Amino acid sequence: MTDAGRPDAPKPDPMGGREPRDTRQAGRRTPVPQSFQTRLTISFMAVVALTLVLVAPVVVIRLNDYFRAEEERRLDARANASAQILQQFIVDLAGDKPVVREVDGKLLLNPQVERLLVGGGLQLVADRVAEADVRVVFGVASPDTTGMLVPNPDPALTYTATTQVTPDPGQARDPAIPDANAETGRANAVQDWGMVVTLSDPYTSRASTLAAITGLLMIMAALSLVVSVGVAAFLAHRFTTPLTRLTDASRRLADGDFTSRVATDELSSGTLELRALSTQFNLMAARLEESVEIIRHDRDRSRDFLADVSHELRTPIAAMRTFIELLQGPAARDPAARLEFLESSAVQLDRLDWLAQNLLELSKLDSGLVLLELRPDDVRGTIESAVEQQHDTAERKGIRLSVTLPNRPLRFRHDPPRVGQVVTNLVGNALKFTPRGGEVRVSARAEADGGARIQVVDTGIGITAEELPHIFDRFYRGAQSSEARSSGSGLGLAIVKSIVDMHHGTIAVESRVGVGSRFVVTLPPDPRLVTEVDAPPPDDDASWPGAAVAGPKMDVSSPSAGSPLNHDAAPLSMTAGQTDPDRPTAPEGSSAPR
Ligand code: ADP
């Protein structure tokens, strides 16, 4: 049962107090060790000790049985040998005379035989052959059913000898060995006689061998116990180290260190399960760090966005407040001034309206509420009507606006209103940043994969290399002061990029200051089937003025044109989900009247 299961177990601190401290306190109250490592070591030791306790006595008992059986067998053999030797002596000594005589109803042993036995013969057998106490009982013999002569011993004819030989080192009297008997029956010319030879209390080394083995076993048990403690401690340490590391890493994570990981070289030392756990932990921590990073970034972005929005709103509002103050003052009586201020106020109101529309658009994109309405459609109509909308502006500014489209339908799956929005914004920018007498060309062509490439080229003021990476940022407007730049909101290209991203397309831009810019949008045949997007660089287009002056002709260009071309530097190519992960993926186009 764990501590938590006990009624008096310390409750985990709901405020995130560290548990180990609590368990250490609990450890003071109870003698049960709390650390996993100690428990593991003790358990291992207990198993080894229990094994020894169970195995050692069994080994000793089995060995004792074996030695006993062995000694019994040897004593039997010695009893037989003793009987054979004695019989041979007696036969030689008695010859044809009786060995056992009956006198007055009493049995008497042949005197010569008796002299042999008493005079040292029996002692010799006890010391040299039997190595045990010997008792010989004589009697007449009679044949049994098989014809074998069986002695009929008479206790009156009992002769004994106690062995007096010095035992070998380790030997001792062994009363536990049962007496060994050997019977002999012999017939000579006058009678059948026999004797029973009994050996008892033999000298054996059973007890000392057993003691030696038991001692050895004890030493080995003690040694294995010591080794088991070491091995158990080592294994437990090895086993628990990854757990400790994991605990440390999760504690650091809980303390707010999202970079906390279990080191990969430490993972290899753990078991398979712990390695898997640690890998999962690292994955989880990485995801957490990533999510926190995204949330932080989003928070910062929202803050910047809010600051930008308030700044953008404040400018026209401040202008209108000034106009109103002037209109309430002396300008009220001057009709010309009044008209001018009212017209200026209308312009600021248009600007506010434009800002509000774009902000609404971007907030929808951010929220991900809007989905594309994809359908297979001919994009030529969409491009034509988007360009058509801008003809008046182009005419007013004295800019040639042309569109070149393929003869055959350019059909692929896209959201026509939003692609129209992309073209409108790009053409609107091109017109805005191209001076009178310039040219804006829109073209489209089919791609080999079934998608389309839409290009908007202008002979405008161009974009500097420093500004180029930022033009898709929200509220970014070029630093070069001009009337055209100051009129924008800085949201047009952000919306363009969102829509292109939604289509899993790419947008690339090349520009050369004082010569012109080229925006190339590539759209796949079916956005639903695109998993990864590689932005193809805009191919060389001889119709773009920037391409015409590239190379040696650069020298004859204006001073700014002499600087390294954006075209020559890596062309900016932004791709949905790649270079700008913060971009929302659900756009909605909006018109961009300027
Ligand atoms: P804006 O409303 O200011 O046009 P955009 O997001 O459309 O906002 O454009 C951002 C900036 O990119 C512009 O302020 C301008 O500096 C630059 N830019 C965009 N298109 C062109 C272009 N065709 N030629 C030169 N500069 C451009």
Side-chain angles (χ1 to χ4, degrees), residues 305 308-309 311-313 315-316 347 350-362 365 386-387 390 393-394 397 399-401 421-436 438-443 454-501 507-521 538 541 544-546 558 560-561 565-567 571-572 574 580 583 587 589-594:
F305 187 64
D308 288 341
V309 167
H311 177 76
E312 290 298 322
L313 290 176
T315 316
V347 169
D350 273 354
R351 185 166 162 67
L352 269 179
D353 183 43
W354 165 233
L355 259 176
Q357 275 187 45
N358 281 287
L359 284 173
L360 186 67
E361 181 68 27
L362 276 175
L365 295 172
V387 174
Q390 315 259 2
T393 318
K397 290 195 71 178
I399 296 170
R400 279 195 310 283
L401 175 61
Q421 178 65 58
V422 168
V423 177
T424 306
N425 283 13
L426 291 179
V427 174
N429 274 351
L431 291 175
K432 192 161 62 170
F433 296 109
T434 300
R436 183 168 288 276
E439 191 181 354
V440 173
R441 284 197 308 274
V442 182
S443 62
I454 303 167
Q455 182 169 277
V456 178
V457 176
D458 65 55
T459 57
I461 59 172
I463 307 162
T464 63
E466 295 74 42
E467 289 180 350
L468 201 57
H470 304 291
I471 59 171
F472 293 95
D473 294 350
R474 289 164 187 199
F475 292 111
Y476 180 80
R477 276 173 290 172
Q480 282 182 36
S481 64
S482 80
E483 204 189 319
R485 287 185 197 279
S486 65
S487 67
S489 69
L491 297 175
L493 285 182
I495 292 172
V496 164
K497 180 156 191 314
S498 290
I499 295 172
V500 173
D501 286 349
I507 180 162
V509 53
E510 289 176 286
S511 191
R512 183 183 172 85
V513 174
V515 176
S517 308
R518 178 160 75 117
F519 287 81
V520 180
V521 173
D541 183 353
W544 181 52
S558 63
S560 58
L565 287 177
N566 296 337
H567 176 60
L572 177 67
M574 301 185 81
D580 191 359
R583 287 275 166 234
S590 76
S591 65
R594 311 243 164 147

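A quick note: this is a predicted structure, and the numbers were derived from the prediction, not measured. Values below: all heavy atoms of this structure, side chains included; hydrogens, waters and symmetry mates excluded. Counting starts at 1 for both ligands and their atoms, in listed order.
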**Study point:** Arg477: numbered ligand 1 atoms lying under 4.0 Å from its heavy atoms
**Key:** 3 (O), 14 (O)
Practice item. Answer yes or no for Lys432: is there a heavy-atom contact with ligand 1 below 4.0 Å? Key: yes
Practice item. Could you give me the CA-CA distance, side-chain angles and deciding distance for Gln390 and Thr424, then say whether side-chain contact (heavy atoms from CB on, under 4.5 Å) is met? Key: CA-CA 8 Å; Gln390 315 259 2; Thr424 306; 3.1 Å; yes
Point to revise | Whether Phe519 lies under 4.0 Å from ligand 1, heavy atom | key: yes
Revision key, fill the gap. In ligand 1, the atoms that come under 4.0 Å of a heavy atom of Leu493 are 5 (P), 6 (O), 7 (O), 9 (O), 12 (O), 19 (C)
Review point. Which option out of Val427, Asn429, Asp458 puts a heavy atom nearest to atom 7 (O) of ligand 1?
Key: Asn429
Exercise for review: Answer yes or no for Gly490: is there a heavy-atom contact with ligand 1 below 4.0 Å?
Suggested key: yes
Check your understanding: For Ile461, is at least one N or O under 3.5 Å away from an N or O on ligand 1?
Key -> no
Point to revise | From CA spacing to verdict: side-chain contact (heavy atoms from CB on, under 4.5 Å), Val496, Phe519 | key: CA-CA 11 Å; Val496 164; Phe519 287 81; over 6 Å; no
Check your understanding: With Leu493, which of Asp473, Asn429, Val509, Val422 fulfils side-chain contact (heavy atoms from CB on, under 4.5 Å)?
Key -> Asn429
Practice item. Would you check if Leu355 and Phe475 make a side-chain contact, meaning some heavy-atom pair closer than 4.5 Å? Key: yes
Exercise for review: Would you mind reporting whether Asn425 and Ile499 have side-chain heavy atoms less than 4.5 Å apart?
Suggested key: no
Review point. At a 4.0 Å threshold, what atoms of ligand 1 neighbour a non-hydrogen atom of Ile471?
Key: 6 (O), 10 (C), 12 (O), 17 (C)
Point to revise | Closest non-hydrogen atom pair between Ser517 and Gly462, with its separation | key: OG-CA, 3.6 Å
Practice item. Using a strict 4.0 Å cut-off to heavy atoms of Ser517, name the atoms of ligand 1 that fall inside it. Key: 24 (N)
Revision key, fill the gap. Here the atoms of ligand 1 under 4.0 Å from any heavy atom belonging to Ala430 are 23 (N)
Check your understanding: Rounded to the nearest 0.5 Å, how far does CD1 of Ile399 lie from NZ of Lys432?
Key -> 12.0 Å
